[in-house]
Amino acid sequence: MWEGIAAGLATAMDPANLAWVALGCLAGTLIGMLPGLGPITAIALMIPVSYSMEPAAGLIMMAGVYYGAVFGGSTSSILINAPGVASTVATSFDGYPMARAGQAGRALALAAYASFSGGVFGALALLVFAGALASWATAFQSPDYTLILILALSSIAAFAERGLVAKSCVAALLGLMLGTVGADPESGVPRFTFGRLDLMDGIAFILVAMATFALADAFHLLTRGGDDEPRTAAGRHVRLAPGDARAIVPTVGRNSVLGFLVGVLPGAGATLASFFAYTFEKRFTRNPACGVAAPESANNAACMGSFVPLLTLGIPGSGTTAVLLGVMLSLGIQPGPRLLAVDPGAFWGVIVSMFAGNLVLLALNLPLIPWLSRLIRISRPVLIPFVVAFSLVGVYLTTLNDFDLYLMVGLAAGALVLRRAGYPLAPLLLGFILSGMLEENLRRTLYLADGSWASLAERPLTVVLAVACLVVWIAPLWRRLRHRADAAGAS
Amino acid sequence: MTRRLVPLAIFGVAVAYLWAAMGVPLDPWSADEAVNARTFPLVCGALLALLAAGMSFRGVPFTAGPGRYGPLAAIVGCIVAFIVAIPFTGLWPALGLFLCAALAVLGERRPPVLLGASVGTPALGWVLVEALLGVYIHPGSLWG
């Protein structure tokens with residue numbers, strides 16, 4: 001292993017490769033910042049650049065693009081509440097209110113430091129545990145995945161604010177239902193397409209994310225009226241507030257571990273990690289600084305984690321790593337157990353270059369924050385048309401389909417109604433993202449058990465997960481009963 | 001009434017979804033199976049219907065106050081015009097027109113802002129997407 005790490009260090013520290021990783025991080029950050037363009041688009045756009053490069057250098061650059069795009073996505077989430085990447089949706093929950101309260105610089109600095117720490121932890125863990133963690137993750141079976149996904153969906157509803165539990169459940173179910181539109185993944189029969197070919201591939205994630213967040217938010221601002229709230233950009237004071245560093249150290253520590261472990265699971269990835277981290281962290285603290293640091297550290301650690309099954313087994317753990325797999329094959333790199341033996345330089349080079357990539361990310365983003373955060377100073381009559389325009393153009397460039405724009409406006413109108421009625425929209429987006437994975441694993445579980453739902457709690461691991469689900473479901477009821485008892489006691 | 005209106009609407013959506021789920025065609029191999037393309041939608045639809053029915057029965061607080069829908073309607077009109085214009089003018093000219101119209105509708109009157117947004121933004125988009133990245137976007141039927 002040490003020889004491999006030495007070979008990887010030599011590959012990663014090659015000046016040309018350092019330049020490529022810096023270019024990858026910069027391109028990824030810039031593209032990831034644009035609402036509507038996420039890591040998959042960023043990697044796809046950089047594929048032509050990688051063709052002319054050495055395989056190891058190409059792979060190293062693409063890895064830089066990946067975590068640069070995830071990092072860049074947090075900026076648009078915090079500043080304009082337009083998460084172009086699913087994994088930064090959770091960052092906007094506390095980051096956007098902080099920006100609106102004149103703390104954009106603080107929120108962006110928190111995101112930068114937490115991402116850096118999560119990324120470095122993830123790279124370290126990848127270096128140490130790559131082989132062992134991959135074999136552990138592959139031991140998971142469909143029932144385990146089904147219950148993990150149910151747990152993820154339940155937890156966001158169960159840990160919602162008082163009075164929002166039922167509304168969160170409704171939103172999550174609506175998201176799951178939206179995710180069923182399109183051809184059935186197993187039999188290929190059309191579902192809820194109403195004869196339209198435009199819907200056969202399902203509804204694009206970016207469309208739902210833009211409709212329920214950026215566009216619905218712009219619509220909501222329009223209906224609310226009134227003057228602009230005072231919004232202060234970060235200015236030159238891009239630093240953590242006193243006490244922030246102390247507050248986020250345990251947050252970053254536990255959520256980096258959580259993020260990395262979730263990232264290793266095929267199919268889970270940075271999105272699930274960030275939602276898990278946010279809800280998990282809210283159990284400990286209401287501090288918004290921790291609310292920003294938790295998903296940011298988790299999603300960057302999860303990015304590193306998702307390389308475990310990709311590099312050691314050749315199995316992509318997410319859509320983004322699936323695109324990376326295609327890039328690797330086009331560069332003549334065959335990922336899997338033999339990669340370590342055949343091309344240790346590429347295997348360890350990518351892992352070691354992640355340290356350099358994270359340093360580059362921090363060095364790039366901290367100086368840029370004062371410039372980026374000026375976006376928040378833009379007045380509402382100017383900001384709203386730009387948010388709407390970025391959303392529309394982002395979706396159009398992804399799908400090149402007029403119908404998707406009409407669908408987006410329709411979904412945004414529905415999201416506006418839900419939002420004005422007090423329904424949280426984040427569970428809807430999470431339900432939509434997890435819908436395909438949940439259905440696939442649930443169906444596989446039921447097929448293998450001849451339709452018996454009891455198979456969801458037959459093995460020790462599934463029993464533990466099923467009990468965890470039950471606890472999460474019972475928690476709000478228990479909370480309500482306790483409040484009633486307290487109220488009765490007080491009266 | 002507003003306490004029950006939205007849950008009732010959601011209940012309606014759930015019932016319509018269940019009805020559509022029952023109509024999902026099944027291939028001959030999975031028609032007799034306990035698990036098929038209808039199973040997951042039926043589970044989701046039934047859960048939503050139950051939940052929405054319960055919320056309709058109890059009523060839930062409607063938190064929002066009265067809204068101003070005039071500017072919203074104007075912006076939605078601009079969006080529809082933008083989508084309609086794309087096949088004729090192409091993406092970038094349509095974007096310029098949309099930005100100019102939307103800014104004007106929301107009260108922006110400064111010529112540098114209107115001009116900069118409606119010319120500068122599409123120009124920047126064209127340079128980034130088409131010139132640098134080489135993505136082909138149909139120029140619009142007006143320009144051939």
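All of these numbers come straight from a predicted model, not from anything done at the bench. In what follows, chains are A, B, ... by sequence order, proteins preceding strands, each numbered from 1.
- Between the side chain of A:R444 and the backbone N or O of A:S142, no donor-acceptor pair lies under 3.5 Å.
- Contacts between A:Y396 and chain B at a heavy-atom distance below 4.5 Å involve the side chain alone, from C-beta outward.
- Top candidate by heavy-atom pairs under 4.5 Å with chain B, chosen from A:L416, A:I384, A:L446, is A:L446.
- Contact count against chain A (heavy-atom pairs under 4.5 Å) is highest for B:L48 among B:L48, B:N36, B:L26.
- Residue with the most contacts toward chain B among A:L400, A:V388, A:D450: A:V388 (heavy-atom pairs, distance under 4.5 Å).
- The greatest number of non-hydrogen atom pairs below 4.5 Å with chain A, out of B:G54, B:P25, B:G23, is found for B:P25.
- No donor-acceptor pair closer than 3.5 Å links the side chain of A:R419 to the backbone N or O of A:A216.
- The closest donor-acceptor contact from the side chain of A:K167 to the backbone of A:A421 lies under 3.5 Å.
- Using a 4.5 Å cut-off between heavy atoms, A:E439 touches chain B through backbone and side chain atoms alike.
- Neither the backbone nor the side chain of B:R109 has a heavy atom closer than 4.5 Å to any heavy atom of chain A.
- Identified by a heavy-atom distance below 4.5 Å to chain A, the contributing residues of residues 93-103 of chain B are B:L95, B:F98, B:L99, B:A102, B:L103, in residue-number order.
- Residues B:Y17 and A:T180 bring a donor and an acceptor atom of their side chains to less than 3.5 Å of each other.
- Between the side chain of A:T223 and the main chain of A:H220, a donor-acceptor pair closer than 3.5 Å is present.
- The most heavy-atom pairs under 4.5 Å with chain A, out of B:V24, B:I86, B:L72, come from B:L72.
- In this structure, chain A has a heavy atom under 4.5 Å from the side chain of B:I75, while its backbone stays farther away.
- Only the side chain of A:L442 comes within contact range of chain B, with at least one heavy atom under 4.5 Å from a heavy atom of that chain.
- The structure places CG of A:L147 at 8.0 Å from OG1 of A:T445, a figure rounded to the nearest 0.5 Å.
- Using a 4.5 Å cut-off between heavy atoms, A:S435 contacts chain B through both its backbone and its side chain.
- The contact between B:V43 and chain A is made entirely by side chain atoms (from C-beta outward), counting heavy-atom distances below 4.5 Å.
- Salt-bridge annotation for A:D184 and A:R443: present, with a side-chain N of the basic residue lying under 4.0 Å from a carboxylate O of the acidic one.
- Heavy-atom pairs under 4.5 Å with chain A were tallied for B:A37, B:A21, B:A52, B:G107; the largest tally goes to B:A37.
- Taking the side chain as every heavy atom from C-beta outward, B:F40 and B:V35 never approach each other to under 4.5 Å.
- Aromatic ring orientation, B:H138 versus B:Y136: perpendicular (interplanar angle above 60°, classes split at 30° and 60°).
- Of the atoms belonging to A:P185, not a single heavy atom falls under 4.5 Å from chain B.
- For the pair B:V105 and B:P71, the minimum side-chain heavy-atom distance is 4.5 Å or more.
- The shortest side-chain heavy-atom distance between A:V395 and A:N401 does not fall under the 4.5 Å cut-off.
- Residue B:L47 touches chain A through both its backbone and its side chain, counting heavy-atom pairs closer than 4.5 Å.
- Of all the listed residues (B:I83, B:L51, B:V76, B:D27), the one sharing the greatest number of non-hydrogen pairs under 4.5 Å with chain A is B:I83.
- With hydrogens and angles ignored, the 3.5 Å screen pairs a side-chain donor or acceptor of B:R38 with a backbone N or O of B:M22.
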Practice task
Please step through side chain to side chain contact (heavy atoms under 4.5 Å, CB included) for the pair A:L174 and A:Y423, ending with a clear verdict.
Solution key: CA-CA 11 Å; A:L174 284 170; A:Y423 288 76; over 6 Å; no
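- Of the atoms belonging to A:V170, heavy atoms from both backbone and side chain fall under 4.5 Å from chain B.
- Judged purely by atom type and a 3.5 angstrom limit, B:W143 uses its side chain to pair as donor or acceptor with the backbone of B:T89.
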